Q: 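The structure follows.
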Amino acid sequence: MSAVPSASSASLASSSDAPPAVKLLIGGEFVDSKTTEWRDVVNPATQDVLARVPFATTDEVDAAIRAAHAAFATWKNTPVGARMRIMLKYQALIREHMPRIAKTLTAEQGKTLPDAEGDIFRGLEVVEHACSVGTLQQGEFLENVAGTVDTYTLRQPLGVCAGITPFNFPAMIPLWMFPMALVCGNTFVLKPSEQDPLSTMQLVELALEAGVPPGVLNVVHGGKEVVDALCTHELVKAISFVGSTAVGTHVYRLGSEHGKRVQSMMGAKNHAVVLPDANREQSINALVGAAFGAAGQRCMATSVAVLVGAAKDWLPDLVEKARALKVNAGHEPGTDVGPVVSRAAKARVLGLIESGVKQGAALVLDGRGVRVKGYEDGNFIGPTVFSNVTTSMDIYRNEIFGPVLLVMTVPTLDEAIALVNSNPFGNGVGLFTQSGAAARKFQSEIDVGQVGINIPIPVPVPFFSFTGSRGSKLGDLGPYGKQVVQFYTQTKTVTARWFDDATTSDGVNTTISLR
Ligand code: NAD
């Protein structure tokens with residue numbers, strides 16, 4: 001299976017054998033980079049090179065930011081209804097092209113085709129929500145805050161915003177960012193993951209087709225140098241980052257030092273707490289799906305199951321369900337678990353599994369030896385389960401980001417809550433129970449930003465915001481929903497008084513009161 005970079009995102013000038021070069025988007029034009037540094041985009045199931053992605057030069061990053069800055073002058077004054085209508089067209093185009101983009105996404109990222117459609121769909125929902133920004137971006141008004149004085153607020157766009165995205169959701173996460181930034185009146189420079197930029201570029205092409213004007217959306221590719229250039233450029237006003245904790249912390253610090261507004265959504269270790277009164281079949285299905293779906297490469301994947309009391313006896317069932325999952329290339333029908341994104345990612349996950357064995361955890365399901373017929377070179381790891389895990393082990397202390405589930409047991413709900421709350425991450429957590437009282441206690445006492453009750457991956461729909469917390473996030477405001485409208489706008493407060501000819505003069509007033 002081959003991914004199909006389209007004419008505008010990948011150069012077709014190269015010979016038919018050479019992989020196409022992914023283009024930059026600057027000022028409305030898809031252009032070839034003049035860089036000398038390139039990286040291959042590789043199909044993780046086959047190791048086929050699908051394309052080459054440039055690491056843009058500093059001058060190219062500067063040109064993209066300046067194009068965005070120039071476009072802002074007009075775009076910020078484009079009526080909100082016109083901006084929303086572009087998003088309305090955009091959502092229709094994404095819907096129409098979803099199967100094509102999903103195919104590319106599976107080829108470059110590895111996840112199954114239905115999951116790739118899910119990736120696009122969760123982003124599409126944000127675009128749909130962007131169509132209603134008119135009510136979200138409204139300010140406040142209060143009449144008569146003092147005699148004949150009114151106060152109101154304007155929510156004005158910031159200017160050039162930048163987005164830096166990870167490999168694991170090449171559709172959803174870029175769509176968390178630029179549609180809401182644009183519809184609020186900002187212009188944007190996107191830096192997609194260099195590991196799988198092709199589906200992102202297809203979405204960018206559709207944005208232009210929907211009517212996003214030249215310069216309003218720009219794309220540069222690259223790694224640390226490009227990211228640092230975005231974080232330090234004088235014309236960039238805000239940065240949205242999603243990715244690992246180490247890089248997110250760096251981006252947050254560097255951007256903040258340079259006076260930018262920054263939101264960083266970062267790594268995770270998500271626990272699912274299972275009480276013995278939970279629906280056994282549904283809960284185990286949910287745990288297995290959330291641990292091994294997308295080969296565990298979701299920031300909201302369940303990576304630790306905490307079995308409370310008698311629920312510890314569910315471990316054999318859980319292991320059997322995990323063992324039954326079908327590991328295969330993402331485009332093969334019936335696949336449950338595709339490959340991890342790269343050979344380096346596979347080596348990292350295998351290293352952590354090895355450390356778990358060495359440090360005394362019980363490897364009750366070992367996915368290391370999995371072989372996939374026809375895809376012998378793929379980066380496959382089968383579902384892997386550890387029990388007897390302690391909090392000091394490397395497998396517990398690190399985000400594994402692979403198809404590995406840790407199982408821990410505790411006697412009571414209180415101990416489960418204490419365990420979760422003492423983990424530094426705060427992205428997501430689940431509770432499985434039939435008890436309303438237990439659920440109410442859990443949601444109140446658990447110190448994690450996104451809670452699922454009998455829901456394994458509680459990523460909120462875009463009417464709400466993504467609210468990861470503690471070690472999983474830096475910055476106050478999360479992606480999409482009302483919070484991101486706040487993030488992408490500056491509130492200006494106007495206090496106004498109008499005199500008509502009949503108003504009698506108050507005389508000079510040297511006190512602070514408005515009267
Ligand atoms: P990553 O941090 O390696 O890369 C993210 C982005 O940063 C990429 O665009 C990459 O090019 C850039 N980058 C990489 N190294 C850099 C450096 N040294 N300096 C500056 N920029 C750099 O993350 P990833 O491996 O692509 O994605 C997986 C991670 O993302 C996991 O930790 C996962 O939990 C996290 N994630 C978090 C969320 C969330 O909402 N909290 C969502 C998705 C993924």
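Read the numbers this way: they start at 1 and go in the same order the structure lists the ligands and their atoms. Worth saying up front: this structure is predicted, and the values here are computed from it rather than measured.
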Q: Measure from atom 32 (O) of ligand 1 to the protein's non-hydrogen atoms and state whether any distance is below 4.0 Å.
A: yes

Q: Any atom of ligand 1 sitting under 4.0 Å from a heavy atom of Gly222?
A: yes

Q: Would you mind telling me if ligand 1 is within reach of the side chain of Thr245, the backbone, both or neither, using heavy atoms under 4.0 Å?
A: neither

Q: With a cut-off of 6.0 Å (strictly less than), are more than 12 heavy atoms of other residues, nucleotides or ligands near NZ of Lys326?
A: yes

Q: So, does Gln443 use its side chain to make a donor-acceptor pair with the main chain of Val451 at under 3.5 Å?
A: no

Q: In the protein, which heavy atom is nearest to atom 10 (C) of ligand 1, and how far is it?
A: Glu194 OE1, 3.5 Å

Q: Less than 3.5 Å between some nitrogen or oxygen of Met266 and one of ligand 1, yes or no?
A: yes

Q: Could you measure the distance from the CZ atom of Phe466 to the CE atom of Met172? Nearest 0.5 Å is fine.
A: 7.0 Å

Q: Given the rule in the ring pair (Phe, Tyr, Trp, His ring centres under 6.0 Å) test, do His129 and Phe464 qualify, once you have shown the distances and angles that lead to the verdict?
A: CA-CA 10 Å; His129 196 225; Phe464 297 87; 9.4 Å; no

Q: Any side-chain heavy atom of Arg343 sitting closer than 4.5 Å to one from Gln47?
A: yes

Q: Ion pair present between Lys23 and Glu205, side-chain N to carboxylate O less than 4.0 angstrom?
A: no

Q: Considering non-hydrogen atoms of the protein only, which is the closest contact for atom 27 (O) of ligand 1, and what is the distance?
A: Pro166 CB, 3.2 Å

Q: For residues Glu332 and Tyr375, is any side-chain donor paired with an opposing acceptor at under 3.5 Å?
A: yes

Q: Identify the closest protein heavy atom to atom 7 (O) of ligand 1: which residue and atom is it, and at what distance?
A: Phe241 CE1, 3.5 Å

Q: If you count the atoms of ligand 1 from 1 in the order shown, which ones are under 4.0 Å from a heavy atom of Asn168?
A: 43 (C), 44 (C)

Q: For atom 8 (C) of ligand 1, find the nearest protein heavy atom and state the residue, atom name and distance (0.1 Å precision).
A: Thr165 O, 3.2 Å

Q: When only distance counts, is Gln195 in polar contact with ligand 1, meaning an N/O pair under 3.5 Å?
A: no

Q: Please work out which of Val251, Val341, Val242 has its closest non-hydrogen atom nearest to atom 5 (C) of ligand 1.
A: Val242

Q: Please could you name the atoms of ligand 1 that Lys191 approaches to less than 4.0 Å, counting only its heavy atoms?
A: 8 (C), 9 (O), 10 (C), 11 (O)

Q: Pairing donors with acceptors under 3.5 angstrom, does anything connect the side chains of Gln202 and Thr104?
A: yes

Q: Under the criterion ring pair (Phe, Tyr, Trp, His ring centres under 6.0 Å), I'd like the reasoning laid out for His250 against Phe241: C-alpha separation, chi angles, the key distance, then a yes or no.
A: CA-CA 10 Å; His250 164 74; Phe241 172 88; 9.2 Å; no

Q: If you count the atoms of ligand 1 from 1 in the order shown, which ones are under 4.0 Å from a heavy atom of Gly267?
A: 32 (O), 34 (O)

Q: What about Ile164: any of its N or O atoms under 3.5 Å from an N or O on ligand 1?
A: no

Q: Could you tell me whether ligand 1 has any atom less than 4.0 Å away from a heavy atom of Val226?
A: no

Q: Quick check: are there more than 12 heavy atoms from other residues, nucleotides or ligands sitting under 6.0 Å from NE2 of His69?
A: no

Q: Say whether Ile173, considering both its backbone and side-chain N or O atoms, lies within less than 3.5 Å of an N or O atom on ligand 1.
A: no

Q: Specify the protein heavy atom at minimum distance from atom 17 (C) of ligand 1: its residue, its atom name, and the distance to 0.1 Å.
A: Lys224 CB, 3.7 Å

Q: Give me the residue, atom name and distance of the protein heavy atom closest to atom 36 (N) of ligand 1.
A: Cys299 CB, 3.5 Å

Q: Between Asn43 (side chain only) and Ala45 (backbone N and O only), is there a donor and an acceptor less than 3.5 Å apart?
A: yes

Q: What residue and heavy atom of the protein are closest to atom 35 (C) of ligand 1, and at what distance?
A: Gly243 O, 3.1 Å

Q: Between Glu399 and ligand 1, find which residue part has any heavy-atom pair under 4.0 Å and reply side chain, backbone, both or neither.
A: side chain

Q: Provide the closest heavy-atom pair for Phe188 versus Ala162 in the form atom of the first, atom of the second, distance.
A: CZ-C, 3.7 Å

Q: Ser244 versus ligand 1: do any nitrogen or oxygen atoms come within less than 3.5 Å of each other?
A: yes

Q: On the six-membered ring of Phe55, is Lys224 placed so that its NZ or CZ lies under 6.0 angstrom from the centre and within 45° of the ring axis?
A: no

Q: For Trp176, is the nearest heavy atom under 4.0 Å from an atom of ligand 1?
A: yes

Q: Give a yes/no verdict on whether any heavy atom in Phe169 is under 4.0 Å from an atom of ligand 1.
A: no

Q: The criterion is salt bridge (charged side-chain N to carboxylate O under 4.0 Å, His left out); which residues satisfy it with Glu445, sequence neighbours excluded?
A: Lys441

Q: Test your reading of the structure: does His250 have an N or O sitting under 3.5 Å from an N or O of ligand 1?
A: no

Q: Picking from Asn270, Asp119, Asn168, Asp115, what satisfies side chain to side chain donor-acceptor pair (under 3.5 Å) with Arg298?
A: Asp115

Q: Tell me: protein heavy atom nearest atom 14 (C) of ligand 1, and distance?
A: Val247 CG2, 4.0 Å

